[in-house]
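Worksheet: the structure to be examined is printed underneath.
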There are 2 protein chains.
Amino acid sequence: MVVEDEAVGEAGVLSRIEALCAEKGLRMTEPRRVIARVLSDSEDHPDAEELYDRVKAIDSSISLATIYRTMKLFEEMSIVSKRDFGDGRARYERKSGPEDHHHHMIDVESGEVIEFYNQELEDLKKRIAHDLGFELVDHHLELFGVRRKKKH
Amino acid sequence: MVVEDEAVGEAGVLSRIEALCAEKGLRMTEPRRVIARVLSDSEDHPDAEELYDRVKAIDSSISLATIYRTMKLFEEMSIVSKRDFGDGRARYERKSGPEDHHHHMIDVESGEVIEFYNQELEDLKKRIAHDLGFELVDHHLELFGVRRKKKH
DNA sequence: ATAACTGCAAAACATTTGCTCACAC
DNA sequence: GTGTGAGCAAATGTTTTGCAGTTAT
């Protein structure tokens, strides 16, 4: 059932991408298919170079420029989110829908990234934006911390 | 009295920088003095190039490399905060103390930046980090939004 | 057919660094 | 005097782009 779930998930992502591309008059090409597959198989937050390596393992003819171009495209189509963890490069993560919205807690010592979701936080952010006279369209939130030492 | 406050404020910032430099065995040079002055006169969130322009207006011999080196130094000394508003470059803002901690609401249509502070948010972030087993050392939060249209 | 897409290499940016000289202490 | 800091220019790392050829529709 787990396998089935994953299979459905991938098919879902691919067909959603295909639908969105068609809708916008864009082509479903081999590079885009491969990149979409790599994204749906990735549970982490790869940067462009890491995506490039994973994509090359499947089709070595795909270029880094295409990774960047496709990430920009997928971002506009709300298929991926671009993240910034404070090192100089952009990270990308698949965005299946509003239901898997989350934030990141980054261990500044190990670089480890923990994802979390907090409804209270969501409500508060929306309220703050509203109070300032804004409709919230996006937000960045990253917490940086060190693992708390147990008191002996 | 407002004028007096500002005068005290600026002097405070400058001497604080000088004190911190001395404390760390660093030298108070002309470039550092000029950059400190520009920072304390800046109410906005300039990037390196903008700082460079403002600094050059006072002393044209100061180089961009020195802006970067000094920003890194001042960041380590907790004199400035480095911010990322999603365009590719770092922004800097003076940090007078923990009391003027705040976040940013960015108008995605005009690029306007509104600063805000919310105690509830501070508490919540600390609690989230704590629940995840972390001691919060830093955080990034930016809200992106569009001005809400009044319902006629 | 033909417009969108790609790879490649070069360009564009922001930022960092090596080197030599200058200056604060 | 001595080591820290500066300017300059070259290097770096990431992301973008021009161009000429390729491919999906």
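Reminder, nothing fancy here: chain letters follow the sequence lines and each chain counts from 1.
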query = Given atom NZ of Lys72(A) and atom P of dC5(C), what is their separation to the nearest angstrom?
reply = 14 Å

ask   = If you pin Ser60(A) and Leu26(B) to their nearest nucleotides in DNA chain C, which one's is more 5'?
value = Ser60(A)

message = Please determine whether a side-chain nitrogen of the Lys or Arg among Asp123(A) and Lys126(A) lies less than 4.0 Å from a carboxylate oxygen of the Asp or Glu.
response = no

key: Reference residue Lys125(B); test side-chain hydrogen bond (donor to acceptor under 3.5 Å, both in side chains); the match among His139(B), His130(B), Glu120(B)   = His139(B)

inquiry  = Rounded to whole Å, please give me the gap between CG in Asp53(A) and P in dT14(D).
reply    = 12 Å

task = Determine, for Phe74(B) and Lys72(B), whether the Lys NZ or Arg CZ falls below 6.0 Å from the six-membered ring centre while staying within 45 degrees of the axis.
result = no

request  = Send over the distance from Glu30(B) CD to dA24(C) C1', rounded to a whole Å.
outcome  = 12 Å

query = Taking only side-chain nitrogens and oxygens of Tyr68(A), does any of them come within less than 4.0 Å of OP1 or OP2 of dT16(D)?
reply = no

ask   = Does dT6(C) have OP1 or OP2 sitting under 4.0 Å from an N or O in the side chain of Thr29(A)?
value = yes

inquiry  = Is the phosphate of dA24(D) approached by Arg32(A) (side-chain N or O, under 4.0 Å from OP1 or OP2)?
reply    = no

query = Counting side-chain heavy atoms from C-beta on, which of dT15(C), dC25(C), dA6(D) comes nearest to Thr66(B)?
reply = dA6(D)

message = Distance check needed: dA24(C) P versus Ile17(B) CD1, whole Å only.
response = 17 Å

query = Separation of Met77(B) atom CE from dG5(D) atom C1', in whole Å?
reply = 14 Å

ask   = Leu64(A) side chain: which of dT15(D), dT16(C), dA9(C) is closest?
value = dT15(D)

task = Could you tell me whether the phosphate oxygens of dT23(D), OP1 or OP2, come under 4.0 Å of any side-chain nitrogen or oxygen in Arg27(A)?
result = no

key: Whole angstrom value for the distance that separates C1' of dC5(C) from CE of Met71(A)   = 15 Å

ask   = Base, sugar-phosphate, or nothing: which does Arg69(A) touch, judged by heavy atoms less than 4.0 Å apart?
value = base

inquiry  = Could you tell me how far apart Lys24(B) (NZ) and dC25(C) (P) are, to the nearest whole angstrom?
reply    = 17 Å

task = Would you tell me whether Glu115(B) and Tyr117(B) have side-chain atoms, one donor and one acceptor, within less than 3.5 Å of each other?
result = no

remark   = Rounded to the nearest 0.5 Å, the CD1 atom of Ile128(B) sits from the CZ atom of Phe116(A) at a distance of 5.0 Å

key: Integer-rounded Å distance: dC5(C) P and Glu18(A) CD   = 14 Å

